[in-house]
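One-based numbering, in listed order, for ligands and for the atoms of each. Counting from 1, the numbers follow the sequence of the chain as shown. Excluded from the calculations below are hydrogen atoms, water molecules and symmetry mates; all remaining heavy atoms, backbone and side chain alike, are included.
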Amino acid sequence: GASPQVPCLCHGGSLPLLGTNRSVLFFGHRGFLGFRSLYLDEYRDRLFIGGKDVLYSLLLDGASADAKEVSWLGVGKAPGDLSSPLLSPQTDCANYVRVLHPYNRTHLLACGTGAFHPMCTFIYVGHRGEHTFSLDPARVETGRGRCPHEPSRAFASTVIGGELYSGLTADFLGRDAGVFRSMGTRSALRTEVDQRLLNDPKFVAAHLIPDNDDWDNDKAYFFFTEKVVEADSKEHAIFSRVGRVCVNDAGGQRVLVNKWSTFNKARLVCSVPGPGGIDTYFDELEDVFLLRTKDGKSPEIYALFSTVSHVFQGSAVCVYRMADIREVFNGPFAHRESPQHRWGAYEGRVPYPRPGVCPSKTTNQPRQQYSSTKDFPDEVLHFARAHPLMYKAVHPRHRRPLLVKTDLPHRLRQLVVDRVEAEDGHHDILFLGTDAGSVLKVVVTQKTSSAMTEEVILEELQVFKMPVSITQMEISVKRQTLYVGSSLAMAQVRLHQCESYGTACAECCLARDPYCAWDGTACTHYQPSGKRRHRRQDARHSNPVHPCLENLTGERLGEENSTFLECVPRSPQASVQWFVQRPPDEQRDEVKTDERILQTEHGLLFRKLHRHDAGIYYCKTLEHGFTQTVARISLEVIASEQLAHTFPRGRGDGLPHLLCPKPRLAPQAPKTWFKDIMHLISSQNLRQVEEYCAHLWCSSRSHHRKSKLAQAKLVLAGVDVAKKGRTAKAHSERNRVPRQAPAT
Ligand SMILES: *[C@@H]1O[C@H](CO)[C@@H](O)[C@H](O)[C@H]1NC(C)=O
Ligand SMILES: *[C@@H]1O[C@H](CO)[C@@H](O)[C@H](O)[C@H]1NC(C)=O
Ligand SMILES: *[C@@H]1O[C@H](CO)[C@@H](O)[C@H](O)[C@H]1NC(C)=O
Ligand SMILES: *[C@@H]1O[C@H](CO)[C@@H](O)[C@H](O)[C@H]1NC(C)=O
């Protein structure tokens with residue numbers, strides 16, 4: 001039959017999801033969704049979707065036919081003339097629902113573009129367990145400063161305590177950009193229109209991140225890009241920023257009335273060192289994902305960046321720690337005497353309370369209580385207005401990206417992260433939405449001893465048939481599902497499909513998918529909380545031999561006559577080539593890979609061995625034009641009949657030579673090597689064989705050799721070797737690394 005797919009090994013191809021039951025697409029009831037917003041409600045077990053003139057409520061466990069629909073048309077007209085050159089021909093006067101947030105226990109807040117008259121309303125969704133969904137047309141209010149006019153312009157918003165915080169361009173002409181707060185009972189706040197505060201910003205994300213247990217210190221963070229004018233170049237560059245405001249900001253009393261008095265921003269740097277000390281910067285922020293911690297105060301901030309220049313195009317993911325972000329906001333303010341001067345750190349006296357600090361118990365002094373920003377001295381507000389930017393930039397964890405991709409045909413647009421517990425620790429699984437309708441699933445593993453990371457593209461999932469841009473993604477860890485939105489449709493995709501990794505332990509382990517493990521008979525979803533034992537999984541090292549063979553008891557390996565020749569280059573940049581020399585031939589030929597012989601990042605996998613595979617294998621690496629033989633492995637293929645003969649007879653140095661340590665190998669090596677052979681013999685009764693053989697061949701064999709040989713013969717007689725066709729033995733004579741001992 002068809003050979004099982006091993007998608008992890010073929011980085012080129014993508015996996016079509018259509019026609020499988022791994023994904024479900026939702027196009028809405030009229031076949032076109034015009035998807036714009038998504039709210040995953042795991043408490044109510046519902047998924048809310050905002051599209052073009054429409055809202056949907058889906059039951060997470062139900063069929064999409066059960067979806068409830070609310071239609072919400074824009075009633076406004078375009079400002080002025082619709083044939084205005086400001087409107088692109090594609091612009092259409094519909095109501096695109098772009099804001100969808102939980103508001104209180106019974107209602108969602110929804111805002112739409114309203115045919116260029118942004119509008120907001122509350123949607124009744126009922127309590128948990130009900131499936132109600134309704135909109136009261138009488139309760140529609142203005143959405144200006146809450147929702148953009150355009151169907152696709154970047155913006156970000158979040159609801160905190162019944163108030164909507166949004167970062168957007170609030171006018172039709174695209175000039176009035178700001179951070180706004182509206183709804184609720186307090187008066188609305190916004191940033192002043194001032195290029196020092198925000199210069200043509202593109203908002204990406206908004207989140208509440210508390211500082212500590214005192215609610216008065218709660219802050220809303222905004223992630224965005226903006227234009228900067230370098231003092232020396234006059235050229236516009238794009239920088240990524242993190243900005244923040246106090247949730248209890250009430251604006252000033254005489255200065256900054258109804259304006260934020262606590263707004264600060266800092267640069268987010270994501271760069272890689274380049275040749276000659278020139279760093280490559282990834283400055284265009286595309287998406288932000290918060291990996292929440294239990295207390296909610298120190299989420300890890302995963303940010304996806306891109307850079308597009310005439311020399312270079314690529315994407316990077318950087319991870320920021322809240323402690324580093326807070327330190328930059330607590331550090332010096334950026335200052336310059338005039339636009340002709342260079343930026344420097346402000347070294348004068350900073351007024352009290354320090355701008356950016358929220359009025360709370362900590363700002364109060366014995367003689368002066370600051371219960372609101374309205375109590376702040378004018379001096380503080382003047383300083384805040386003139387110094388919105390922090391001098392230092394926020395650098396990512398380890399001062400380098402977690403992931404850099406420069407060789408992709410598509411741009412990466414969206415990011416969600418799942419931290420997966422596996423037997424060998426945790427792994428970050430990144431789902432990266434492209435602008436071509438696909439999602440890359442990447443596992444990033446931190447090398448234990450250093451800050452270096454290693455990444456593997458596990459799968460490329462073609463979620464949509466058309467090359468549409470992925471505009472939103474949400475993950476439900478509880479349901480092991482990814483929700484992927486594009487203008488066309490919304491897709492639900494299972495996070496893993498372990499069966500697709502084939503039917504052999506080695507393939508399952510080689511796939512390195514932390515969601516999957518070998519359960520003794522199949523590659524299945526690994527659940528760390530589960531009671532199942534004997535799982536075989538090794539995402540960190542990807543040596544299929546060790547995890548699969550570490551405990552052979554009672555386990556039948558799927559592949560009777562497969563083998564793996566290990567070779568890990570010193571550097572991931574090195575390219576690896578395999579050569580084989582088949583004695584008596586002197587010549588070394590390059591190994592031809594195909595469905596049967598796969599070259600993986602960690603070696604050569606023979607799914608099925610043929611007799612003619614025997615030979616001496618050379619693993620060569622090429623890096624910076626420098627070639628090196630990293631491993632020399634001699635592979636013998638022994639017909640099982642021959643093996644059956646070899647064992648009982650034990651003639652000459654046949655068997656001891658097979659099983660016992662080569663003097664050059666490290667002391668712990670023999671056991672593994674010996675297990676490799678056991679693996680290839682593959683018996684149902686291996687533990688016994690293992691014990692006997694280990695005892696017999698690998699301890700002292702100076703005396704009683706004959707009787708021990710007899711024992712070995714006895715055990716092996718119980719093994720039906722003859723049935724298994726050919727088996728093989730591989731033993732390596734490494735130049736460098738001794739084989740690793742199993743982690744028992
Ligand atoms: C659908 O998924 C189930 C497991 O959830 C699997 O057993 C079945 O073979 C799949 N069917 C197809 C057509 O992929
Ligand atoms: C939720 O908010 C809506 C809109 O303000 C209001 O009509 C409704 O009574 C609120 N529900 C609860 C439970 O507070
Ligand atoms: C290996 O098998 C033995 C015997 O069944 C068992 O006691 C032991 O717990 C197993 N070890 C692992 C790591 O599964
Ligand atoms: C390896 O095993 C498969 C079935 O498991 C068999 O079809 C094939 O012939 C075997 N190869 C050799 C060389 O014995």
Do Asn264 side-chain atoms and Arg244 backbone N/O form a donor-acceptor pair below 3.5 Å?
no
Carboxylate-amine/guanidinium proximity below 4.0 Å for Arg411 and Asp435:
no
Within 45° cone of Phe180 ring axis and under 6.0 Å: Arg146 NZ or CZ
no
List the closest protein heavy-atom neighbour of atom 2 (O) of ligand 2: residue, atom name, distance to the nearest 0.1 Å.
Asn104 ND2, 2.2 Å
Could you tell me the residue and atom name of the protein heavy atom closest to atom 13 (C) of ligand 2, and the distance to it rounded to 0.1 Å?
Thr106 OG1, 3.6 Å
With heavy atoms of Arg139 as the reference, note each atom of ligand 2 found under 4.0 Å away.
4 (C), 5 (O), 7 (O)
Taken to the nearest 0.5 Å, the spacing of Thr373 OG1 from Leu189 CG works out to 7.5 Å
N or O pair under 3.5 Å between Tyr103 and ligand 2
no
